[in-house]
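First up is the structure itself, then whatever we jot down about it.
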Amino acid sequence: MPYVDRQNRICGFLDIEENENSGKFLRRYFILDTQQGSLVWFMDNPQNLPVGTDCVGSLKLTYISKVSDATKLRPKAEFCFVINAGMRKFFLQANDQQDLVDWVNALNKATKITVPKSSENQQNSENQKVLPDVVGSKKQVSYRTDIIGGVPIITQTQHEAGDTANRSEREALQRSHSQLPYFLGRPAQEHSVIKSGYCVKQGAVMRNWKRRYFLLEENAMSYFKSDLEKEPLRMIPLKEVHKVQECKQSDIMMRDNLFEVVTTSRTFYIQADSPEEMHSWIKAVSGAIVAQRGPGRSAATLQLRASLYYIGFRGMG
């Protein structure tokens, strides 16, 4: 889901077809900045890139005339929407249907604020930085979103059964882990897995930030260089974890969605890709600790802490 960062900008990961009509989408981190009047995208969250790293693409909001669902235009691209900007159409893929609706609404709202309706005929083609094609498209189930009276109406479109089965097989082909932070590619037979996914972790020595694949199991939380690796870079036994919580130093460290896992020997600082993912990890790790320790005073204390945290988070929603 897109979220608002500390600079009051709407941010999040999307896939974009940077080469028009190529059918190949690349994972990018988008920032919708209404103060600057632009939509920009980077290889990753700029907080994880070297200081001064330039964006790989940008689009002025004044060029945008309409943003809408693109299921009919690109039936092979799941959760796809299109940005109409002058003579160019930008096709993007959201993470799920709600993500699609949120981005379409946010972009349309932003362009209505900055662009008078009478200026639609004054659209110009924008300068675009283009990178080589890397990844193929994907497809599962398509939806159509109609905006009626300002309310998004979501309906599922139908597909041929054989087509759907073939597409499901194609979806099993993995995309580069550096381009797809949310991809969960480890074997399905690991039944003890509670939660898994990509986050960004601070190193212990160099204090640099690197994207790692995290795996939460019944007795430990491990992280790997990628979801293809079988041996973890490190395993953190849950019995050594004192607490997991939202990081109180996130402002000092200039990191959004930052949480910390405090152990007997070290505090691990981990950045999720969205507030929802951060709270999900905190809840999952807290619950795993409670389940492992079983009944008892310490377990009851952790359960109460996890419950109060979850209730507080939902109360903020």
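As the structure is a computational prediction, the values presented were derived from the model and not from experiment. Basis for what follows: all heavy atoms, side chains included, without hydrogens, waters or symmetry-related copies. One-based numbering along the sequence shown.
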Would you please test V285 and L216 for side-chain contact (heavy atoms from CB on, under 4.5 Å) and show each step? CA-CA 7 Å; V285 177; L216 175 62; 3.9 Å; yes

Pairwise distance CG(N21) to CZ(F91) - rounded to 0.5 angstrom: 7.0 Å

Would you find a donor on one side and an acceptor on the other, under 3.5 Å apart, between the side chain of T111 and the backbone of L107? yes

At their closest point, which heavy atom of M278 faces which heavy atom of F259, and how far apart are they? CG-CD2, 3.8 Å

Would L73 and F25 show up in the same hydrophobic cluster when neighbours are defined by side-chain heavy atoms closer than 4.5 Å? yes

Is the shortest side-chain heavy-atom distance between M221 and W281 below 4.5 Å? yes

Under-4.0 Å salt bridge between E260 and K248: no

Got a donor-acceptor contact below 3.5 angstrom from the N108 side chain to the V104 backbone? yes

Exercise: do Y3 and N257 side chains pair donor with acceptor under 3.5 Å: yes

Sequence neighbours excluded, the answer for ring pair (Phe, Tyr, Trp, His ring centres under 6.0 Å) partners of F30 is W41

Would you say R74 and Q93 make side-chain contact, with heavy atoms under 4.5 Å? no

V40 backbone acceptor or donor facing S38 side chain under 3.5 Å: no

Under the criterion ring-ring contact (aromatic ring centres under 6.0 Å, His included), I'd like the reasoning laid out for F13 against Y29: C-alpha separation, chi angles, the key distance, then a yes or no. CA-CA 4 Å; F13 281 97; Y29 185 85; 5.1 Å; yes

Between S222 and I236, is there a side-chain heavy-atom distance shorter than 4.5 Å? no

May I have the step-by-step check of side-chain contact (heavy atoms from CB on, under 4.5 Å) for V82 and S68, ending in yes or no? CA-CA 6 Å; V82 59; S68 59; 3.7 Å; yes

Are the side chains of R6 and M254 in contact, using a 4.5 Å heavy-atom criterion? yes

Would you say L258 and I270 make side-chain contact, with heavy atoms under 4.5 Å? no

Under 3.5 Å side-chain donor-acceptor pair for S192 and E217: yes

Gap between atom CZ of F268 and atom SG of C199 - 0.5 Å precision: 13.5 Å

Quick check: closest heavy atoms across F42 and I31, and the distance to 0.1 Å? CE1-CD1, 3.9 Å

Side-chain heavy atoms under 4.5 angstrom apart, residues restricted to Ile, Leu, Val, Met, Phe, Trp, Tyr: same cluster for V261 and L233? yes

Any heavy-atom pair between the side chains of L100 and L92 that's under 4.5 Å? no

So CG of D99 and CG of L14: to nearest 0.5 Å the spacing works out to 6.0 Å

Heavy-atom side-chain proximity of Q271 to K201 below 4.5 angstrom: no

Between R266 and Q202, what is the shortest heavy-atom contact and its length? NH2-O, 3.3 Å

Is it the case that atom CG in N208 sees more than 12 heavy atoms from other parts of the structure closer than 6.0 Å? yes

Are K195 and E277 ion-paired here, with the side-chain N under 4.0 Å from a carboxylate O? yes

Hydrogens and angles aside, do K89 and N84 bring a side-chain donor and acceptor to less than 3.5 Å of each other? yes

Side-chain heavy-atom pair R28, V56 within 4.5 angstrom cut-off: yes

Within the distance-only criterion (no hydrogens, no angle test), does the side chain of D5 pair as donor or acceptor with the backbone N or O of N8 below 3.5 angstrom? yes

N/O donor-acceptor pair under 3.5 Å between T34 side chain and G37 backbone: no

What is the distance from atom CD of E17 to atom CZ of F90, rounded to the nearest 0.5 Å? 10.5 Å

Assess the pair Y213 and Y198: is the distance between their ring centroids shorter than 6.0 Å? yes

Quick one: pull up CD in E240 and CG in L238 and give me the separation to the nearest 0.5 Å. 9.5 Å

Could you measure the distance from the CD1 atom of I16 to the CG atom of L26? Nearest 0.5 Å is fine. 8.5 Å

Under a 3.5 Å distance rule, please check whether S286 uses its side chain to pair with a backbone N or O of I282 as donor and acceptor. yes

Assess, by modelled atom type and distance only, whether the side chains of Y269 and Q249 contain a donor and an acceptor separated by less than 3.5 Å. yes

Whether the N48 and R255 side chains hold a donor-acceptor pair (N or O, under 3.5 Å, no angle test) is what I'd like checked. yes

Say whether I194 and I289 are linked into one hydrophobic cluster, either directly or through other cluster members, by side-chain heavy-atom distances under 4.5 angstrom. yes

Do Q47 and D256 have side-chain atoms, one donor and one acceptor, less than 3.5 Å apart? yes

Please work out which of the three classes, parallel, tilted or perpendicular, describes the rings of Y223 and F214, given edges at 30° and 60°. tilted

